[in-house]
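Because the structure is a prediction, the values reported are computed rather than measured. Chain letters run A, B, ... following the sequence lines, proteins first and then strands; every chain starts at 1.
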Amino acid sequence: MADDVDQQQTTNTVEEPLDLIRLSLDERIYVKMKNDRELRGRLHAYDQHLYMILGDVEETVTTIEIDEETNEEIYKSTKRNIPMLFVRGDGVVLVAPPLRFG
Amino acid sequence: MHATLFYSFFKSLVGKDVVVELKNDLSICGTLHSVDQYLNIKLTDISVTDPEKYPHMLSVKNCFIRGSVVHYVQLPADEVDTQLLQDAARKEALQQKQ
């Protein structure tokens with residue numbers, strides 16, 4: 001009887017990497033994706049494939065343009081806002097708390 | 001088939017309008033008709049959202065999209081119960097560990 005109760009208790013310890021993501025549910029997170037894309041949004045759901053539902057999302061796409069004359073690299077970023085977004089996990093590279101800059 | 005969180009979630013959105021962004025940068029707006037365990041999507045009454053610089057699918061009304069080519073799906077925020085989702089995600093995460 002006692003064993004059954006123990007097994008039913010939820011494990012709240014952080015054991016594996018996906019547990020770290022569980023701690024971020026309902027928090028804002030930063031997601032780095034393939035193709036120089038980044039997302040910042042509130043994590044509502046995720047699974048082991050890293051499929052995610054994010055709310056209040058800002059997507060940043062960074063492109064590098066080469067100036068023909070000077071050959072210098074110009075970094076440009078395009079942003080857009082999406083209220084609620086499903087993200088397919090196979091594009092995800094990194095998941096972290098939002099980065100703070102100075 | 002164990003993990004079905006997102007399959008169930010999409011099933012609850014059948015009939016709603018969504019925008020599916022593909023990995024080839026094509027964005028398709030349409031009504032979610034059906035979804036399967038692979039998150040393949042069938043959309044009806046589709047239109048291409050971004051200025052029609054991408055394949056003009058003027059004559060196409062319905063389409064089947066292979067789940068693996070989907071990048072994002074833009075969802076109607078007010079149709080989504082975020083509290084329910086978060087609880088379901090917690091449960092699913094713990095289920096996956098065992």
Would a single hydrophobic cluster contain both B:Ile46 and B:Leu13, if residues Ile, Leu, Val, Met, Phe, Trp and Tyr are joined by side-chain heavy-atom contacts under 4.5 Å?
yes
Shared hydrophobic cluster, B:Ile41 / A:Ile82 (ILVMFWY, side-chain heavy atoms < 4.5 Å):
no
Find out if a path of hydrophobic residues (ILVMFWY) with successive side-chain heavy-atom gaps under 4.5 Å connects B:Leu43 to B:Phe9.
yes
Less than 4.5 Å to any heavy atom of chain B: does that hold for the side chain of A:Met52, its backbone, both, or neither?
backbone
Heavy-atom pair with the smallest gap, counting every atom of B:Gln86 and A:Leu43:
NE2-O, 4.1 Å
Is there a chain of hydrophobic side chains (I, L, V, M, F, W, Y, each step under 4.5 Å between heavy atoms) that links B:Leu26 to A:Val87?
no
Tell me the salt bridge (Lys or Arg N to Asp or Glu O under 4.0 Å) pairs involving residues 18-27 of chain B, sequence neighbours left out?
A:Arg37-B:Asp25, A:Arg80-B:Glu21, A:Asp90-B:Lys23
Would you compute the distance between atom CG of B:Asp87 and atom CG of A:Asp26 and round it to the nearest 0.5 angstrom?
10.0 Å
Would A:Tyr51 and B:Leu5 satisfy side-chain contact (heavy atoms from CB on, under 4.5 Å), going step by step from the backbone distance to the final call?
CA-CA 10 Å; A:Tyr51 294 170; B:Leu5 201 180; over 6 Å; no
Applying a criterion of heavy atom separation less than 4.5 Å, what residues of residues 53-66 of chain A form contacts with chain B?
A:Ile53, A:Glu59
Heavy-atom pairs under 4.5 Å with chain B are the metric here; pick the option from A:His49, A:Gln48, A:Glu16 that has the most.
A:Gln48
Taking the ring of A:Phe86 and the ring of B:Phe6, is the distance between their centroids below 6.0 Å?
yes
Sub-3.5 Å donor-acceptor pair from the side chain of A:Arg88 to the main-chain atoms of B:Gly67, do we have one?
yes
State, yes or no, whether a side-chain contact exists between B:Thr82 and A:Met84 at a heavy-atom distance under 4.5 Å.
yes
For chain B, which candidate among A:Leu39, A:Ile21, A:Asn35 shows the most heavy-atom pairs at distances under 4.5 Å?
A:Leu39
Are B:Arg90 and A:Leu25 packed together at the side-chain level, in the sense that at least one heavy-atom pair is separated by less than 4.5 angstrom?
yes
Would you say B:Lys91 has more than 12 foreign heavy atoms packed within less than 6.0 Å of its NZ?
no
Does A:Leu18 share a hydrophobic cluster with A:Tyr30, counting links as ILVMFWY side-chain heavy atoms below 4.5 Å and allowing steps through other members?
no
If you take all heavy atoms of B:Ala89 and A:Ala45, which pair is closest and at what distance?
CB-CA, 3.8 Å
